[in-house]
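We number each residue from 1, following the sequence as shown.
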Amino acid sequence: MKAVWYERTGPAQEVLVHGEMASPVAGPGEVRVRLEASGVNPADVGRRGGTYRPMEYPRVIPNSDGAGIIDQVGDGVTRLKLGQRVWLFNGQRNGRAFGTAAEYIALAEHLVTPLPDNLSFAEGATLGIPAMTAWCCLYCDVPIVGQTVLVTGGAGAVGHYAVQLAKWGGAKVIATVSSAAKGEQARLAGADLVVNYRTEDVVAKAMAFTSQRGVDRVVDVDFGGNIETTLKLMGMNSTIALYATNGNRTPVVPARELMEKCIAIRALVLFALPRPLLAAAQADISKWLAAGRRIHNVAGQFALSDTAQAHLAVEKGDKLGTVIVDCARLLPAG
């Protein structure tokens, strides 16, 4: 099969290789997916760049999300079938060196979910880690119906899905953004209040929106960078669900302030969550997809041979949505 891989970490254009590899075979409990699209997440870029951790395997096929068609079914598979359109997450995680920047991937069936016919493969590849992370940040504790949820980075890949899923769950949603264009995306997703944190007072806006009560839950893209502001707008018995902290990776946690409002911190990374919770997320996301029109932002599309350019597009940091690598057809660069 055609694939892209790296054998050392570093800049995308220096370490990513496009070539031929042996096609995987579906083992017991696994399905093989003929990939049509691969989603590039910031964590995929960070792992390839070496900023997350050292090389875990001699050779890595990057990218963890994708969509395609099942073309092999291993022994013991009961939930999925040959020829089924699917989306997947965590392809290159938890002991799997080979991700979705390839024509095929074989992985356990519990990481694979049916893809509705009305979604393109590129749209399906935007689900994966972003939608699963958004759902887990929102629903891993208590029901959010009637709550006020603040989503930081409400136009980002995770944040945009968090806004949509929170509205579907019956919450009122505040989204913070950094530009007018991103604000429009958050409004389209259903945010009740959009605040540009570069030009507006997030605390004042959030407190006024909640009649000074504070928010019930924050879905946070940068815990360390936001904590000083976040603490000022949290309500009593509220929760901060954090999935990243790149602005300050070793923040000082003000325990006394958390205690005085009984604020819970729910830190999560998708690959470490228990399987029953992940299964609940997949089931709920499927219901959500079936219940109405959803927005799936494709930030750009690149040929498999241009995976390095796709990684650079993520590194720029100005994308709206998920950068997609097309695994099955040749595309012009861009």
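Panel note: side chain Thr152, backbone Val221; a donor-acceptor pair is recorded below 3.5 Å. At least one donor-acceptor pair closer than 3.5 Å links the side chain of Tyr57 to the backbone N or O of Gly95. Between the side chain of Asp65 and the backbone N or O of Ile129 there is at least one donor-acceptor pair closer than 3.5 Å. The backbone N or O of Ser64 lies less than 3.5 Å from no partner atom in the side chain of Arg96, so there is not a single donor-acceptor pair. No donor-acceptor distance shorter than 3.5 angstrom exists from the side chain of Lys167 to the backbone of Ala191, with no hydrogens or angles considered. A donor-acceptor contact shorter than 3.5 Å links the side chain of Asp222 to the backbone of Gly247. In this structure a side-chain-to-backbone donor-acceptor pair under 3.5 Å is present from Glu103 to Lys2.
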In residues 73-81, what donor-acceptor pairs under 3.5 Å come from side-chain atoms, sequence neighbours left out?
residue, atom, partner, partner atom, Å
Arg79, NH1, Val112, O, 3.2
Arg79, NH2, Glu109, O, 2.4
Arg79, NH2, Val112, O, 2.6

Kindly list each side-chain donor-acceptor pair under 3.5 angstrom involving residues 312-319, sequence neighbours excluded, with atom names and distances?
residue, atom, partner, partner atom, Å
Glu315, OE2, Arg48, NH1, 3.4
Glu315, OE2, Arg48, NH2, 2.6
Lys319, NZ, Gly321, O, 2.6

What pairs of donor and acceptor atoms, side-chain ones from residues 252-260 against any protein atom, are under 3.5 angstrom apart with sequence neighbours left out?
residue, atom, partner, partner atom, Å
Arg256, NE, Glu260, OE2, 3.4

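Residues Pro62 and Tyr6 form a side-chain contact, since some pair of their non-hydrogen atoms from C-beta on lies under 4.5 Å apart. You'll find the side chain of Val158 reaches within 4.5 Å of the side chain of Tyr243, heavy atoms only. Residues Val177 and Val195 are not in side-chain contact: their nearest non-hydrogen atoms beyond the backbone lie 4.5 Å or more apart. Side-chain contact between Val60 and Met55 is present, with at least one heavy-atom pair separated by less than 4.5 Å. Contact of the Thr230 side chain with the Asp220 side chain is registered, since non-hydrogen atoms from C-beta on lie closer than 4.5 Å. Taking 4.5 Å as the limit, some side-chain heavy atom of Thr133 sits within range of a side-chain heavy atom of Cys137. Two residues are said to be in side-chain contact when any heavy atoms from C-beta on lie closer than 4.5 Å; Asn196 and Val194 fail this criterion. Counting heavy atoms from C-beta on, the side chains of Val149 and Val215 never come closer than 4.5 Å.
A donor-acceptor pair shorter than 3.5 Å can be found between the side chains of Asn63 and His311. Checking Thr100 against Ser38 by side-chain atom types alone, a donor-acceptor pair falls below 3.5 Å.
Smallest separation of non-hydrogen atoms from Met1 and Ala102: CE-CB, 3.9 Å. In terms of heavy-atom proximity, Met132 sits nearest to Leu270 at CB-CD2, 3.6 Å. Across all their heavy atoms, Ala108 and Glu30 have their closest contact at N-CG, 3.9 Å. The nearest pair of heavy atoms linking Pro114 to Pro116 is O-CD, 3.8 Å. Taking both residues in full, the closest heavy atoms of Cys140 and Arg217 are given as SG-NH1, 4.4 Å, listed atom of the first, atom of the second, then distance. Taking all atoms of both residues into account, the shortest heavy-atom contact from Ile105 to Gly91 is CD1-CA, 3.9 Å.
For Val269, the side-chain contact (heavy atoms from CB on, under 4.5 Å) partners are Phe271, Ala272, not counting sequence neighbours. Checked against ring pair (Phe, Tyr, Trp, His ring centres under 6.0 Å), Trp5 has no partners two or more places apart in sequence or in another chain. Listed by chain and number, the residues in a side chain to side chain donor-acceptor pair (under 3.5 Å) with Arg34 amount to none (sequence neighbours excluded).
Distance SG/Cys327 to CD/Glu36: 8.0 Å, rounded to 0.5 Å. In this structure, the separation between CG on Asp326 and CG on Leu304 is 8.5 Å, given to the nearest 0.5 Å. Put simply, CG on Asp71 and CZ on Arg32 are 4.0 Å apart, with the number rounded to the nearest 0.5 Å. Taken from CG in Asp201 to NZ in Lys232, the straight-line distance is 8.5 Å, to the nearest 0.5 Å. Atoms OG1 and CG, from Thr307 and Leu16 in turn, are 7.0 Å apart once rounded to the nearest 0.5 Å. A distance of 10.0 Å separates CG of Leu289 from CD of Glu123, quoted to the nearest 0.5 Å.
Using a 4.5 Å cut-off between side-chain heavy atoms of Ile, Leu, Val, Met, Phe, Trp and Tyr, with links allowed through other members, Leu277 and Ile285 fall into the same hydrophobic cluster. No single ILVMFWY cluster, assembled from side-chain heavy atoms under 4.5 Å apart, contains both Leu320 and Val173. In terms of hydrophobic clustering, with Ile, Leu, Val, Met, Phe, Trp and Tyr side chains grouped at heavy-atom distances under 4.5 Å, Leu127 and Val40 are assigned to different clusters. There is a path of hydrophobic side-chain contacts, each under 4.5 Å, that joins Ile227 to Ile263. Linking Ile, Leu, Val, Met, Phe, Trp and Tyr residues whenever their side-chain heavy atoms come within less than 4.5 Å leaves Leu268 and Leu242 in two separate clusters.
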Query raised in the report: For Lys172 and Asp216, what are the C-alpha separation, side-chain angles and deciding distance, and is it a salt bridge (charged side-chain N to carboxylate O under 4.0 Å, His left out)?
Result: CA-CA 10 Å; Lys172 294 179 180 178; Asp216 300 292; over 6 Å; no
Requested in this report: Please test Ile70 against Arg85 for side chain to side chain contact (heavy atoms under 4.5 Å, CB included), starting from the C-alpha separation and ending with a verdict.
Outcome: CA-CA 7 Å; Ile70 294 175; Arg85 302 172 83 249; over 6 Å; no
Query raised in the report: What do the steps show when you test Thr148 against Ile174 for side chain to side chain contact (heavy atoms under 4.5 Å, CB included), and what is the final call?
Result: CA-CA 7 Å; Thr148 299; Ile174 304 169; 3.9 Å; yes
Query raised in the report: Yes or no on side chain to side chain donor-acceptor pair (under 3.5 Å) for Thr239 and Arg266, after CA distance, side-chain angles and deciding distance?
Result: CA-CA 7 Å; Thr239 299; Arg266 162 65 87 156; over 6 Å; no
**Report entry** Worked verdict on Glu56 versus Arg47 for salt bridge (charged side-chain N to carboxylate O under 4.0 Å, His left out)
**Finding:** CA-CA 9 Å; Glu56 298 172 275; Arg47 284 168 180 259; 2.8 Å; yes
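Of the candidates Asn118, Leu119, Asp117, Leu119 is the only one forming a side-chain contact (heavy atoms from CB on, under 4.5 Å) with Leu115.
Sorted by first and then second residue, the ring pair (Phe, Tyr, Trp, His ring centres under 6.0 Å) pairs involving residues 99-131 (not counting sequence neighbours) form an empty list. Among residue pairs with one or both ends in residues 276-300, those qualifying as side-chain hydrogen bond (donor to acceptor under 3.5 Å, both in side chains) are Thr113-Gln282, Trp135-Asp284, Tyr161-His296, Gln185-Asn297; sequence neighbours excluded. Sequence neighbours left out, not one pair with a member in residues 183-239 passes ring pair (Phe, Tyr, Trp, His ring centres under 6.0 Å).
Val145 belongs to no multi-residue hydrophobic cluster, having no ILVMFWY side-chain contact under 4.5 Å with any other such residue. Taking Ile, Leu, Val, Met, Phe, Trp and Tyr as members and joining any whose side-chain heavy atoms lie under 4.5 Å apart, directly or through other members, the hydrophobic cluster of Leu188 also contains Ile295. Members clustered with Val298: Ile324, by chain and number, using a 4.5 Å side-chain heavy-atom cutoff among hydrophobic residues.
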